[in-house]
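One structure is given below, encoded as structure tokens.
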Amino acid sequence: MHEFVEESFNIEDTFEYILSIQVSLNGFSFSVYQPSSNKVLVFKSTALKISTENFLARRFKEWIQSDELLQKTYQKVRVTIFTDKFTLVPKSLHKNEVNEELAHLLFKDGSKLKFAENLVDKAKAKLIFPLPDGFNEVISEMIGECEINHPLKLLINRLPEVADRHSLILLFNMRHLFVVIGKGERLLFANSFKINHSNDVVYFVLTTLKQLEIPAKGTQMYYAGKSDYLAETNANLKKFFASTSLFNPAEPESNKQISNEVITENISLFL
């Protein structure tokens, strides 16, 4: 477990803070942010190995019950859920059309699923993704009103604009890889891949760039997340790209006391 608590944090003032939670099969983490001081006051993470999304809601509820901070009232609560199931649709598409049509076309047993919808301003699109079974009920019971996000919404909206170059972000989530490519204000590609080796990442990335006719040497690559393959993949890809670096957003003051490794593994908490 990683843990950080800033000296100025006051548990009685949580209504002045923003709580951000990251949820994945690899575990849970959260940060408490104070807008008035632009500081992350609290960060905690719990590493887990959850075998399937079917158990995610139950383990999430147990985790919330185990920490007093997660049961407090906040100015705002954001929950980011890592799932490889998602789709981008035009911003103009009506919500009922999404639920009735895309659910059946894109997701198994779509009629039984509950969906979250994110507006992705940079792509002028909506990102639709299913919630794990029972998760919406746990949110309602344990948290109440909150913002539910997919990590790609956060990444796409913060996709770096590099002069005369394409930007590529690789977001690792153990055995899943999210790939986002853009240039300037345009989103060109967003997808997820299942990976079982660092060579899979190299193959998917280079093949995607080739299909899009984007030269790797003219592309700035960023990476974030957590995976056994991350370090080896970065070493293997460096020779193909103009440059590679950790995707690290503009840092609130107290982020300086949190290592870059911890930030990138819990990137949704710092966007």
Side-chain angles (χ1 to χ4, degrees), residues 18 20 22 31 33 35 38 40 78 80 82 84 86-93 117-129 147 149-173 176-193 201-202 204-227 230 233-253 255-256 258 260-271:
I18 295 174
S20 295
Q22 179 170 294
S31 67
Y33 171 71
N38 192 33
V40 172
R78 301 190 322 167
T80 300
F82 277 71
D84 62 316
F86 70 91
T87 189
L88 286 161
V89 299
K91 184 178 177 180
S92 59
L93 191 62
E117 177 182 299
N118 293 167
L119 182 61
V120 186
D121 294 322
K122 195 158 191 174
K124 297 181 176 61
K126 294 176 183 177
L127 192 153
I128 313 296
F129 59 101
E147 177 184 306
N149 293 319
H150 191 284
L152 284 191
K153 171 209 169 179
L154 306 176
L155 287 184
I156 293 170
N157 282 336
R158 296 288 294 274
L159 189 66
E161 297 180 15
V162 185
D164 301 322
R165 287 186 181 179
H166 290 84
S167 295
L168 163 71
I169 300 179
L170 304 181
L171 177 61
F172 292 81
N173 185 36
H176 284 100
L177 173 72
F178 298 94
V179 179
V180 177
I181 303 173
K183 186 174 184 180
E185 296 183 353
R186 293 180 59 207
L187 172 69
L188 302 176
F189 182 86
N191 206 348
S192 66
F193 303 93
V201 182
V202 175
F204 289 133
V205 169
L206 296 182
T207 299
T208 298
L209 290 175
K210 183 177 181 180
Q211 290 173 343
L212 296 174
E213 299 182 344
I214 296 173
K217 284 296 184 183
T219 301
Q220 169 68 50
M221 189 190 92
Y222 304 89
Y223 56 94
K226 184 176 182 179
S227 173
L230 197 156
T233 297
N234 184 46
N236 290 338
L237 284 174
K238 273 186 175 181
K239 60 187 176 184
F240 295 103
F241 289 89
S243 61
T244 65
S245 61
L246 280 171
F247 182 65
N248 196 345
E251 300 179 0
E253 181 181 337
N255 283 14
K256 297 173 183 177
I258 304 173
N260 284 336
E261 180 183 3
V262 170
I263 290 174
T264 192
E265 288 180 1
N266 301 274
I267 192 67
S268 73
L269 304 182
F270 299 91
L271 291 174

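Worth saying up front: this structure is predicted, and the values here are computed from it rather than measured.
Taking F241 as the reference, nothing meets the ring pair (Phe, Tyr, Trp, His ring centres under 6.0 Å) condition, with sequence neighbours excluded. Remark: E261 engages no residue in a salt bridge (charged side-chain N to carboxylate O under 4.0 Å, His left out) (not counting sequence neighbours).
Note that OG1 of T207 and CG of L212 are 11.0 Å apart. Values are rounded to the nearest 0.5 Å. Atom-to-atom distance recorded for L168:CG and L209:CG is 6.0 Å, nearest 0.5 angstrom. Annotation: the span from I169 atom CD1 to L171 atom CG amounts to 8.5 Å, rounded to 0.5 Å. One finds the CZ atom of R186 at 5.0 Å from the CG atom of L188 (value rounded to the nearest 0.5 Å). Annotation: the span from I181 atom CD1 to T219 atom OG1 amounts to 7.5 Å, rounded to 0.5 Å.
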Let's go through F129 and K153 carefully: what are the C-alpha distance in whole Å and the side-chain angles of both, what is the deciding distance for side chain to side chain contact (heavy atoms under 4.5 Å, CB included) to 0.1 Å, and is it a yes or a no? CA-CA 11 Å; F129 59 101; K153 171 209 169 179; over 6 Å; no

Could you go through V179 and L170, starting from their C-alpha distance and side-chain angles, then the distance that decides it, and tell me whether this counts as side chain to side chain contact (heavy atoms under 4.5 Å, CB included)? CA-CA 5 Å; V179 179; L170 304 181; 3.9 Å; yes

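Side chains of N234 and M221 form a contact here, defined as non-hydrogen atoms less than 4.5 Å apart. In this structure, the side chains of V162 and Y222 come closer than 4.5 Å at one or more pairs of heavy atoms. By the 4.5 Å heavy-atom criterion applied to side chains, F270 and I258 are counted as neighbours. Contact check for F172 versus V201: side-chain heavy atoms found under the 4.5 Å cut-off. A heavy-atom distance below 4.5 Å is not found between the side chains of S20 and Y33. In this structure the side chain of L177 never reaches within 4.5 angstrom of the side chain of T233, judged on heavy atoms. Contact check for F189 versus T208: side-chain heavy atoms found under the 4.5 Å cut-off. Proximity of L246 to Y223: side-chain heavy atoms (C-beta onward) are separated by under 4.5 Å at one or more points.
In terms of heavy-atom proximity, F247 sits nearest to L155 at CE2-CD2, 3.4 Å. Here the shortest heavy-atom pairing between Q22 and E265 reads NE2-O, 3.2 Å. I267 and L271 get closest at one heavy-atom pair: O-CG, 3.4 Å. Summarising the geometry of G182 relative to L159, their closest heavy-atom pair is CA-CD2, 3.4 Å, with the distance given to 0.1 Å. Minimum interatomic distance between N157 and L119 (heavy atoms only, all atoms of both residues): ND2-O, 4.0 Å. When all heavy atoms of A125 and L88 are compared, the closest pair comes out as CB-CD2, 4.2 Å.
Contacts classified as side-chain hydrogen bond (donor to acceptor under 3.5 Å, both in side chains) and involving residues 160-170 (residues at least two apart or in different chains) are given here: K122-E161.
Between F204 and F193, the ring-plane angle classifies as parallel under the 30° and 60° cut-offs.
Judged purely by atom type and a 3.5 angstrom limit, R78 uses its side chain to pair as donor or acceptor with the backbone of S268.
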